[in-house]
Structures are given as C-alpha cells and as structure tokens.
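A short worksheet on the structure shown next.
Here is how names work: the chains are called A, B, and so on, in the same order as the sequence lines, proteins then strands, and each is numbered from 1.
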Number of protein chains: 2
Amino acid sequence: MIKVLVADDQPLIRASFRRLIDSVPGFQVYGEAATGAQAVAVAASEPPDLVLMDVRMPELDGIEATRRICAADPRARVLIVTTFDLDEYVYGALRAGATGFLLKDTPPAELIRSVRAVASGDSLLGPGATRRLIERYVSRPARRLDITEREREVLVLVARGLSNAEIAQTLYVTLSTVKTHVSSLLLKLGARTRVHLVIAAYEAGLVQG
Amino acid sequence: MIKVLVADDQPLIRASFRRLIDSVPGFQVYGEAATGAQAVAVAASEPPDLVLMDVRMPELDGIEATRRICAADPRARVLIVTTFDLDEYVYGALRAGATGFLLKDTPPAELIRSVRAVASGDSLLGPGATRRLIERYVSRPARRLDITEREREVLVLVARGLSNAEIAQTLYVTLSTVKTHVSSLLLKLGARTRVHLVIAAYEAGLVQG
DNA sequence: GCGCGTATCGGTCTCAGGACCGATGCGCGG
DNA sequence: CCGCGCATCGGTCCTGAGACCGATACGCGC
C-alpha cells in the first residue's frame with residue numbers, strides 16, 4: 001500500500017486529490033497538509049511514500065517543503081502539482097528533489113498514471129516543462145560555432161584542460177600549429193584567453209560528459 | 001494540417017501509426033519510410049511537420065536520420081518511438097534534435113496526446129527517460145567542493161572568464177589576494193591551471209552549463 | 001593559372017598566471 | 001592564552017600563453 005500525503009492550501013483540491021488517489025488500488029491518502037510547514041511535520045511524524053505537493057502555500061512554499069522532506073527521507077517521492085508552469089518552479093523543484101511536475105489541469109487518468117510512475121521511481125513532467133528541461137540539457141542550438149573541423153578538435157582538447165604542448169602531442173603536430181589554431185579560435189569566437197574558449201565550448205555543448 | 005512522416009522498418013507498425021495519426025483531426029500521414037535513408041530523402045523532397053521515427057532501422061539508424069532531418073530543417077519535429085528505453089538512445093536522440101521520446105507500448109491515447117504536444121512545440125518523454133534526464137540535470141551538485149565561501153566566489157568569477165585583475169576589482173581586494181585564493185583553489189581542487197578550475201566549476205554546476 | 005581558405009610550421013616578444021617566499025589581523029575552540 | 005583556519009597583502013621568479021611577424025603546401029572553384 002502506497003501511503004500518500006496531499007499538501008495544498010485549498011481544501012477542495014485536497015478533497016479532490018484524496019478521492020482520486022483513494023480510488024486507485026494500492027494507494028491511500030493517509031494525511032493532508034494545508035501549508036508547507038504542516039507537510040514537513042506530517043512527513044516527519046509518519047513518512048509518506050509519495051507526496052502530492054502544491055507550490056504556492058502559506059508558511060513554507062512547496063519547493064522548500066520538498067527540499068526538507070527529501071533531505072529528511074531520500075526515499076520520499078514528491079510530485080509537484082501546480083496551477084502554473086513556470087521555469088523557476090520546475091528547476092527549483094527538481095533540484096529540491098521532486099520526482100515529477102504536473103499541471104492541475106492534467107486529466108485525471110494521466111494524473112493517476114503519473115502517480116503510479118512516480119511511486120515506482122520513474123518521473124513525469126508536463127509537456128512544457130519537459131521541453132524546457134530538454135532545451136536546458138541540449139541548449140546547443142544557441143550559437144553554432146563557425147569553426148573548422150580541426151579547430152573544433154583543438155577546442156575540445158582546450159576545454160578538457162590540455163596545454164598547448166599536450167594538444168600538440170595528442171594531435172601529432174607542433175606547438176606552433178596548435179598556437180595558430182588557438183589564436184584562430186580566439187579570433188573567431190571573440191575570446192581573450194583560453195578560459196573563454198573553455199566557457200564557449202561548454203556553452204555550445206561541445207563538452208560536458 | 002500537420003503533415004506527418006512515419007519511419008519504421010516494419011510495415012505493420014507503419015500501418016498502425018498511419019491509422020492512428022490519420023484518425024486525429026488536423027493530422028495526416030503523407031509519407032512513409034522503411035529506412036533512415038528513405039526518411040531523410042522523403043523529408044528532403046517534402047518537408048514534414050512531424051516525424052514518427054523508429055531507432056533501429058537499416059541503412060541509417062533513427063538517430064542519425066533525425067540529426068540530418070533536423071539539420072536540414074530546424075522546424076521539423078521528430079518524435080522517437082522505439083521498443084527500447086536505453087540511455088544512449090535518449091541522449092543521442094535529444095542531442096540529434098528529437099523533440100520527444102516514447103516507447104511503442106505507450107497507450108494510443110497518450111501517444112496521440114504526445115503527438116499533439118510535440119507538434120505544438122512541447123516535448124514528451126517516457127517516464128524512465130524523464131527520470132534519467134532529470135538525474136542528469138540535477139546530478140551537478142553531486143560532487144561537493146570543499147572550499148571556503150570566498151574561494152567559491154573567486155571560482156565563479158574565474159569560471160566566468162575574468163582575469164585575476166578583474167576579479168580583484170570586482171571583489172574590492174588586491175591582485176595579491178586574488179592570486180592567493182586562486183592558488184588555494186588550484187591546490188584544493190587538484191588543478192594545474194585556471195582552465196581546470198573552470199572545468200571543475202562547470203562539472204560541479206557552480207555556473208550555468 | 002590564380003585566388004582563397006585550411007593546415008602546417010618557425011621565430012620573437014610581452015605579460016598574465018602561478019609557484020613560492022614572506023607577513024598581518026581576526027574569530028573560534030581547546 | 002594559544003593554536004588554527006580564513007582572509008588579506010607584498011615580494012620575486014619562471015613559464016606558458018597569446019600577439020604578431022613570417023612561411024609552405026594542399027585542395028577547390030573560377
């Protein structure tokens with residue numbers, strides 16, 4: 001039996017969620033909270049398997065409550081359910097330890113599927129949130145680097161922390177050649193030092209393992 | 001009318017998708033492809049609004065086909081639909097430009113919702129894929145840097161590309177002090193040059209990567 | 001053929017970066 | 001009180017980095 005805690009400042013929303021969750025076999029709402037502080041307190045006294053958490057709540061917002069609950073019990077799964085689909089919420093929530101992020105206008109059937117998924121350790125985000133998360137992850141198309149293939153190789157090695165001499169050895173060319181390429185990169189990317197090259201490489205997604 | 005291209009090496013799957021898509025108002029399958037190369041060719045002759053793409057295909061796999069189609073037409077939306085839910089696929093697909101990633105056992109209703117979402121610019125991933133993407137995103141603060149608060153400030157500025165002199169001006173201290181902090185950072189983080197510091201900062205998520 | 005871009009190489013020169021030496025003041029805990 | 005860590009500052013010394021100068025060779029299109 002998955003023990004669910006519902007945290008929302010609106011009693012109607014809580015009741016609605018409770019009905020929905022209780023209708024799912026294997027799930028049961030064992031507690032409710034109207035504030036973030038209450039949610040933390042309830043979670044502390046009786047650890048939930050899953051928390052349905054609103055973001056906007058008095059005393060302590062849902063993000064901070066999520067952070068504390070997850071800090072106290074890393075096994076806890078938190079599914080943020082909110083009216084808004086704002087970036088700061090999503091990223092903050094994920095960093096705080098939330099497992100999922102859904103909008104309140106999500107159809108009940110999908111919400112149930114999400115609850116199941118989150119309870120089993122998977123994650124679900126609303127479409128917009130997923131898109132932005134992906135964009136953050138592959139924020140490549142930001143600026144496409146207009147450099148030659150060889151320069152790209154050199155840039156990657158620079159971004160890995162190799163010195164010019166080390167790059168020369170790696171590519172089987174002389175130090176002079178590497179310096180030429182680096183200078184060309186500095187010019188093309190508008191960088192002053194190789195540090196800027198490293199930053200550009202990370203921003204462009206050329207590296208990042 | 002959203003023009004959809006279905007790419008899968010199995011005719012039955014293609015037929016199934018075609019029926020499903022055509023049943024959605026506003027969507028129509030205008031072409032099919034049995035290989036990645038065919039998909040690229042069809043997309044080149046008649047640009048699709050949306051592509052349903054299998055990963056495992058002869059000649060050219062779905063990832064590479066996605067890369068070429070997206071490179072040729074950045075407006076193209078590609079939804080990867082595959083039997084497997086492997087990491088390399090997901091990350092490769094996203095980097096290649098895919099907008100979504102779903103499993104073939106996804107219920108038709110959810111698949112339709114996904115198609116709509118992708119067509120409208122949003123994204124959808126399978127639960128497992130979303131979880132791993134989130135883990136990648138928030139795996140930053142994994143390695144905690146054992147440095148002082150002041151050193152952290154200096155590190156961030158170094159990672160932003162500032163020279164020691166610029167950092168000194170920013171923090172209202174002398175060049176000597178900055179050099180001391182930088183040296184301390186180099187020692188603590190096991191770095192040889194400030195480039196390594198930048199890398200460490202990005203890996204640790206101290207700066208937006 | 002000629003121009004152009006790319007990749008390769010060599011030299012000189014200046015300077016920021018970093019090592020290594022020293023120092024002071026301050027807060028904090030044994 | 002005394003030791004310790006942190007932040008601050010000053011000096012010397014050496015080296016890699018990068019600018020700037022030059023060059024050759026190759027492939028490509030006009």
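Here the side chains of B:V24 and B:L20 are not in contact, with every heavy-atom distance at 4.5 Å or above. A heavy-atom distance below 4.5 Å is not found between the side chains of A:H181 and A:V158.
Applying the salt bridge (Lys or Arg N to Asp or Glu O under 4.0 Å) criterion to B:R67, with sequence neighbours excluded, gives B:E64.
Distance check, rounded to the nearest 0.5 Å: CG of B:D61 to CZ of B:R56 gives 10.5 Å.
Smallest separation of non-hydrogen atoms from A:M53 and A:I69: CE-CD1, 3.9 Å.
Atoms CG (B:L197) and C1' (C:dG18) sit 11 Å apart, rounded to a whole Å. Atom pair B:E153:CD and D:dC6:C1' shows a separation of 13 Å (rounding to whole Å applied). Rounded to an integer number of Å, the gap from B:H196 NE2 to C:dA19 P is 11 Å. The NZ atom of B:K188 sits 11 Å away from the C1' atom of D:dA7 (whole-angstrom rounding). What separates CD of A:E166 from P of D:dT15 is a distance of 17 Å, to the nearest Å. In this structure, A:E151 atom CD and C:dT6 atom C1' are separated by 8 Å, rounded to whole Å. Here D:dA17 presents its P atom at 17 Å from CZ of A:R192, a figure rounded to the nearest Å.
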For nucleotides 8-17 of chain C, give me one character per nucleotide, 5' to 3': B if any protein heavy atom sits under 4.0 Å from the base, S if the only such contacts are to the sugar-phosphate, - if neither. BBB------B
Would you check, one step at a time, whether the test side-chain hydrogen bond (donor to acceptor under 3.5 Å, both in side chains) holds for B:T177 with B:T180? CA-CA 5 Å; B:T177 304; B:T180 303; 5.9 Å; no
